[in-house]
Amino acid sequence: MTQESTHLRHGAAGRAGGAGRPRPALHFAPVRGWMNDPNGLIQHNGRVHLFYQHNPAGPVQEHIAWGHASSTDLWTWQDHPLALEPDPAGPDRDGCFSGCAVVADGTPRLLYTGVNQGHELPCLAAAADSDLIRWTRDPDNPVIASPPPGETVRAFRDHSAWRDGTAWYQVVGGGLQDRGGALFLYRSADLRTWQYAGVFAAAADHGLDGLIWECPDVFVLGDTTVVVVSVWDGQPPYAMWMTGQVTGHRFVPRASGRCDAGHRYYAPQSLTLADGRRVAFGWLRECLGELAGPDKTRVGAMSLPRELYLDSTDTLKSQPARELDSARRETLLTRLVHGRATAGVTLSARAAHATEISLTPVGRDVTSIGLRLAGPGRADVQVQVTTDGIEITEGDRRLTEPAAPRRASTAADAPVGQVRAWYDGGILEVFSPPAAATAVICHRDGRYDQVEAEIVGRPGAPPGRASLTAWSCGRHPDG
Ligand code: FRU
């Protein structure tokens with residue numbers, strides 16, 4: 001633990017984290033350097049461990065190691081030293097790419113992708129202490145010597161593993177020349193020796209998108225198998241969920257959709273908490289070119305923790321993890337809105353705290369909720385929520401996919417539920433189940449002094465009503 005940096009993330013001192021761009025208050029981001037996918041999510045000895053693709057040396061995706069942080073509330077993170085670093089003499093000499101954690105014989109293990117001169121192969125490491133600070137690589141890495149012979153493999157990386165009876169299974173993400181994005185299934189008794197069991201799922205077999213499916217995440221909710229992949233085939237890439245059943249060694253999806261309506265959320269990974277909730281974090285993609293000179297010290301953030309569940313049609317939904325309630329500090333505003341109202345609330349991308357804005361419809365007549373952030377010198381940010389989806393624009397720039405067309409089964413004037421939006425370091429993350437959660441990144445120097453809400457009721461009904469509340473969130477400097 002000697003080199004460990006304890007970073008009090010939400011106080012003024014903690015946010016500084018050294019010179020450079022401050023960290024958001026609730027969204028995890030590294031002190032400096034590059035961050036992409038969440039990896040190896042695991043709850044162990046009461047702490048949730050978040051590993052992540054990281055280059056601490058600079059804000060570029062090079063020499064990728066596994067960063068490490070842990071938390072008890074999913075929004076205050078303690079930084080730890082790198083968990084895995086490329087070993088100049090090992091099969092991961094050029095990078096330790098994405099992977100997952102499992103517990104075997106009481107010991108957490110990581111399955112990750114070792115990169116060596118263009119080859120990407122599965123590697124294994126075991127925890128060497130109970131705080132998961134030090135990891136020991138398997139001497140026989142890589143534990144799978146090549147992509148499956150006999151398949152026309154286009155990419156082969158990233159892992160999701162689970163145990164079924166006495167056997168371990170893992171899927172490796174990637175693609176096939178003729179069938180697009182694909183997951184390759186392997187079986188093992190000990191995590192070290194793996195037998196290939198065939199293609200678990202492939203995009204073209206089911207009319208789904210993707211030349212490559214990266215970062216698989218396979219888990220079960222109720223009786224349904226959920227497979228989340230990150231779809232790579234042009235711009236912008238996105239995370240897709242599929243729900244269905246496993247038959248033999250194949251996954252048969254029956255429904256699928258986007259995990260998030262924005263263009264930032266990618267490579268999500270989830271874990272089951274001790275109380276049974278399944279919680280996901282996704283990487284909010286940024287690139288260096290989007291940042292001004294003095295901000296080029298760190299790139300990439302994690303989404304807020306999202307609790308996953310299935311609705312009655314086996315559609316994967318998410319809601320903000322309840323731990324976020326404990327981040328609320330001061331109530332900035334509370335009022336009942338009839339139709340439309342404007343309130344003075346100051347939001348700044350540079351503030352040391354985040355702001356949560358909640359709009360709770362009164363009655364069942366509200367069919368749409370609009371939220372506008374406005375301030376001098378900045379394009380307005382407009383959020384529009386219906387049961388179909390969440391759409392966000394900044395000035396005339398669209399930051400989200402168009403909301404999906406209404407399902408025939410959904411009444412055109414179905415009531416919307418509560419809207420909860422967090423503005424944090426320029427990230428705007430909005431939840432309003434049943435719409436897909438949506439994270440966007442707004443102007444880097446966003447500054448707004450007005451929040452406008454518009455509550456729309458059913459045609460012919462009186463103006464809709466909703467209660468509007470705003471809180472500052474995150475730890476106070478003295479907290
Ligand atoms: C997804 C990804 C993974 C890979 C990792 C490398 O963002 O491309 O497929 O393991 O990033 O950092």
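Atoms within a ligand are numbered from 1 in the order they appear, just like the ligands themselves. Along the sequence shown, residues carry numbers from 1.
Proximity of Ser230 to ligand 1, defined as any heavy-atom pair under 4.0 Å, is not found for any part of the residue.
Atom 12 (O) of ligand 1 has as its closest protein heavy atom Gln53 OE1, 2.7 Å. Atom 8 (O) of ligand 1 has its closest protein heavy atom at Glu214 OE2, 3.0 Å.
The aromatic rings of Phe51 and Trp66 sit tilted, their planes meeting at an angle between 30° and 60°.
Listed by atom number, the atoms of ligand 1 under 4.0 Å from Ser98 heavy atoms are 5 (C), 10 (O). Residue-ligand proximity, Trp283 to ligand 1, at heavy-atom distances under 4.0 Å covers atoms 7 (O). Atoms of ligand 1 found under 4.0 Å from any heavy atom of Gln61 (numbered from 1 in listed order, with element): 6 (C), 11 (O), 12 (O).
Salt bridge absent: Glu120 and Arg154 never bring a charged side-chain N and a carboxylate O closer than 4.0 Å. For Arg444 and Asp295, the salt-bridge test fails: no basic side-chain N is under 4.0 Å from an acidic carboxylate O.
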Stepwise salt bridge (charged side-chain N to carboxylate O under 4.0 Å, His left out) check, Glu290 with Arg285: CA-CA 11 Å; Glu290 297 174 315; Arg285 297 185 306 114; over 6 Å; no
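Evaluated by nearest non-hydrogen atom to atom 1 (C) of ligand 1, the leading choice among Asn36, Asp158, Asp37 is Asp37.
Between the side chains of Tyr423 and Glu429, no donor N or O sits under 3.5 Å from an acceptor N or O.
Although no hydrogens or angles enter the test, the distance criterion places no donor-acceptor pair under 3.5 Å between the side chain of Ser188 and the main chain of Trp194.
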